[in-house]
Every structure is written in C-alpha cells, then in structure tokens.
Amino acid sequence: MDSKHSAIDRSRFQLSSSIKKLSVTEKPKLGFLQGNGEPSLAALQQLGVSLDIMYSVDTLTIGPGGISPEYKTVVIIAPRDTIPAGYTRHLDNFLAGGGRLLLALNNVEGDLQTSQGKEIYTGFADWLKEKGIEVENNFLIDINCSNVMVRQQQGMFVMNTPVSFPYLPIITNFSDHPITEGLESVVLPFASPIRLNPADTSLNYIPLALSSDKSGIQSLPLFFDISRQWVPSDFTLSSIPVAVAVEGAIVGETNSKMVVFGDGDFAVNGEGQQAQQLQPDNISLMVNAIDWLSDDTGLIELRTK
C-alpha cells in the first residue's frame, strides 16, 4: 500500500477513535434508496465501511408520504427500473425542504457477454433535465482508460491479454472542490457524458470531474469491438463532464445541494463471488460527495491528509 493510502487509513482510524462515543441518534442519517433495482447495502461494502464511521446508514423506500425529513441526505445509486408516478414530486418536496440528494445514474450499460451497449430508462434523467442537468444516453470514451482481458490463442496455448478499452475511462481531471480534494484517479465504467443547461442563473453549477483532452462520445445502438484499433480521430473532444454539483434554491426558496454522477457503478463492489475490490479513490469520491452534501466537509480534510 502506498504512503498516500496509508495516511488515509490512519486518518480514518483517528477519526473513528475520536467519534466512537457518538450514539447512532446523534449521527446524520443517510437514506439509500431501494425498490427500483438499486444495489443493496451488502453490495456497497467499501462504501459502507467508510460511511458507518460518521453516519447512520439506512435503506429508504419512497411511499405515499414521501421522504422523511429525518434523512439529511438521500443517496440513489444505479437504479434499473422505471420509477413510479409521484416519485419526482417527492424528490422535489425533499429538496424544497432543504434536503440533499446524490444521484449516480446508469443511463447506458455495457454487456461484454453480448458485446452490446444499451439504454437504461428509469425516469430520473427526465427529472434531472428539468433541473438543467442532462445525463446523456451516450457512452463516454477516453484514450486514458482501463483494460479488459481478452483470451487469445498463441500456438498451443490460450493467453489472457490486457487490451485497452476506452469505454472504461480513467478520470484524472478534477475541479478544485472539497469533493475532489486529494483524488488522483477514478475509474467510471460505461459512463455517460453530462451536459449542463442551466435554466436558473441563481443556481451554482460545478463540473467536478471531466474526461481527458483526448476523449469522445459514442451513441446507441452500439456493438463493442474488442479488437478495434483506435485512432486519434476517435478522440476529438476534451473535458467532458461526468460528475457535477449544484447548490442553491433548486426547488422552492430553501437552499439545497445535489450531486450527479454519469455512472452508477463506480462505488459498487457487488455481492458473493461477483464482488470486486475497488480502488480507494473510487470510494473516496463517493464519500466526499456525501460529506459535502451533509455539510461535513471537515471530514474530507482528515481523509486526504
């Protein structure tokens, strides 16, 4: 483990030791939305460990009564199902009361088994578009990317060979903001670009994370060609937002905050044999966003010392 992440672990231990006397009722309450195909809390192991230090983490379903004001921040990660009628009205009411909201959405998904990219429609993107935040139904590609392992025949042997796969962008371009403090790189698998179309000039829109200076966009329908030879003309765009924050009177007259990611999987470990260990910066990005939403930005400094 490198010195940066060792220091982060020491800070987390010190933080945990200093606040372990807090009762659960004194901790800000986080509600992780369930009921629309979102990953369970058991699939968010690393995130859960980091959040449990300072928050009371609970699952949340939105019923006829809406969202209880006991929740400081509501977290929506990777929903897959179309949301019921009335959901967005409850979200508006939550924000109008000063609630804080994080949405990490998969508007598209890549299936390497079928080599296809397809759209995921939930209704959340339509609601966000009304707020001036458009999560596109396209794939971000970036020359700065992770690899996929490809089985190749070499004589009598079958070898696993790493191949660059631009649909798995490695994000290293961050704005100067408490959410991105101390981050070096984050992998956002099958991310969508985010377009900002502010309708209300009183709101503060902040691009948090952007693609490299050699990136691009690919639209649906899409078939993945693992053996494709990528060329510079495939990456003619730069600094495409993939994470944004907005603060101000988003709904009504009470100030609130919201963070939106164009990918829902970057902090999801998965469950059982499908679970994977994620790099620390992926988790730090999500935790920092929740800290900022919950007004606990002092914790970010401890984590990144």
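Residue numbers run from 1 in the order of the sequence given.
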Using every non-hydrogen atom in the two residues, find where [X] and [Y] come nearest and quote the distance to one decimal.
X      : Y      : value
Ser256 : Leu95  : OG-CD2, 3.4 Å
Gly262 : Ile194 : N-CD1, 3.6 Å
Pro79  : Thr122 : O-CG2, 3.5 Å
Ala78  : Asp265 : CB-OD1, 4.0 Å
Val135 : Ala125 : O-CB, 4.4 Å
Leu140 : Ser211 : CD1-CB, 4.0 Å

- Task: Show your reasoning for whether side chain to side chain donor-acceptor pair (under 3.5 Å) applies to Tyr205 and Asn197.
- Result: CA-CA 9 Å; Tyr205 291 84; Asn197 302 298; over 6 Å; no

Evaluation steps, side chain to side chain contact (heavy atoms under 4.5 Å, CB included), between Asp126 and Lys129
CA-CA 5 Å; Asp126 294 340; Lys129 195 171 182 180; 5.7 Å; no

Inspect the contact between [Y] and [X] and indicate whether a charged nitrogen and a carboxylate oxygen are less than 4.0 angstrom apart.
X      : Y      : value
Lys214 : Asp234 : no
Asp92  : Lys131 : yes
Glu109 : Arg80  : yes

### Exceeds 12 heavy-atom contacts within 6.0 angstrom, atom CD of Glu70
yes

Query raised in the report: When you measure from the centre of the six-membered ring of Tyr71, is the NZ or CZ of Lys29 under 6.0 Å away and within 45° of the axis?
Result: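 Yes, a cation-pi geometry holds between Lys29 and Tyr71.
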
Reported [atom1]-to-[atom2] distance for the pair [X] and [Y], which is rounded to 0.5 angstrom:
X      : Y      : atom1 : atom2 : result
Ile250 : Arg100 : CD1   : CZ    : 9.0 Å
Phe266 : Met286 : CZ    : CE    : 3.5 Å
Thr59  : Glu38  : OG1   : CD    : 10.5 Å
Ser215 : Asn173 : OG    : CG    : 9.0 Å
Met258 : Leu91  : CE    : CG    : 9.5 Å
Phe124 : Ile133 : CZ    : CD1   : 14.0 Å

Using modelled atom types only, decide if a donor and an acceptor are shared between the side chain of [X] and the backbone of [Y] within a distance under 3.5 Å.
X      : Y      : result
Thr254 : Gly98  : no
Asp200 : Ser202 : yes
Ser294 : Ile290 : yes
Ser284 : Pro280 : yes
Asn288 : Ile179 : yes

query = If you measure only the distance, is there a donor-acceptor pair under 3.5 Å linking the side chains of Tyr121 and Asn107?
reply = no

Fill in: Polar side chain donor-acceptor pair, Gln279 to Asp281, under 3.5 angstrom
no

Run the numbers on Leu128 and Leu105 for side chain to side chain contact (heavy atoms under 4.5 Å, CB included), then give the verdict. CA-CA 11 Å; Leu128 282 173; Leu105 300 182; 3.6 Å; yes

Are any of the side-chain heavy atoms of [X] and [Y] separated by less than 4.5 Å?
X      : Y      : value
Val259 : Trp292 : yes
Leu41  : Asp58  : no
Val244 : Ile206 : no
Leu47  : Val287 : yes
Leu102 : Val74  : no
Ile120 : Val108 : no
Thr73  : Tyr55  : no
Pro207 : Ser175 : no

Derivation of the side chain to side chain contact (heavy atoms under 4.5 Å, CB included) call for Leu112 and Phe165: CA-CA 11 Å; Leu112 294 180; Phe165 196 56; 3.7 Å; yes

Going by the rule side chain to side chain donor-acceptor pair (under 3.5 Å), which residues pair with [X] if we only count those two or more places apart in sequence or in a different chain?
X      : answer
Thr61  : none
Glu119 : Asn137
Ser212 : Asp142
Arg195 : Glu136

Are [Y] and [X] linked, directly or through intermediate hydrophobic residues, by side-chain heavy-atom contacts shorter than 4.5 Å (ILVMFWY only)?
X      : Y      : value
Leu103 : Leu60  : yes
Val75  : Val49  : no
Val251 : Ile62  : yes
Leu51  : Leu285 : yes

Identify, with sequence neighbours excluded, every residue that meets side chain to side chain contact (heavy atoms under 4.5 Å, CB included) alongside [X].
X      : result
Ala42  : Ser40, Glu271
Thr114 : Asp111, Gln116
Asn269 : Gln45, Gln46, Leu278
Gln218 : Ile141, Tyr167, Leu222, Arg228, Trp230

List in chain and number order the residues that pass ring pair (Phe, Tyr, Trp, His ring centres under 6.0 Å) with [X], two or more places apart in sequence or in another chain; answer none if no residue qualifies.
X      : result
Phe94  : none
His90  : none
Phe190 : Phe224

Begin with the C-alpha distance, continue with both residues' side-chain angles, and end with the deciding distance and a verdict on side chain to side chain contact (heavy atoms under 4.5 Å, CB included) for Asp295 and Lys257.
CA-CA 10 Å; Asp295 289 331; Lys257 296 180 180 180; 3.1 Å; yes

Only distances under 3.5 Å count here; give the side-chain donor-acceptor pairs of residues 236-243 to other protein atoms, sequence neighbours excluded, each with its distance to 0.1 Å.
none

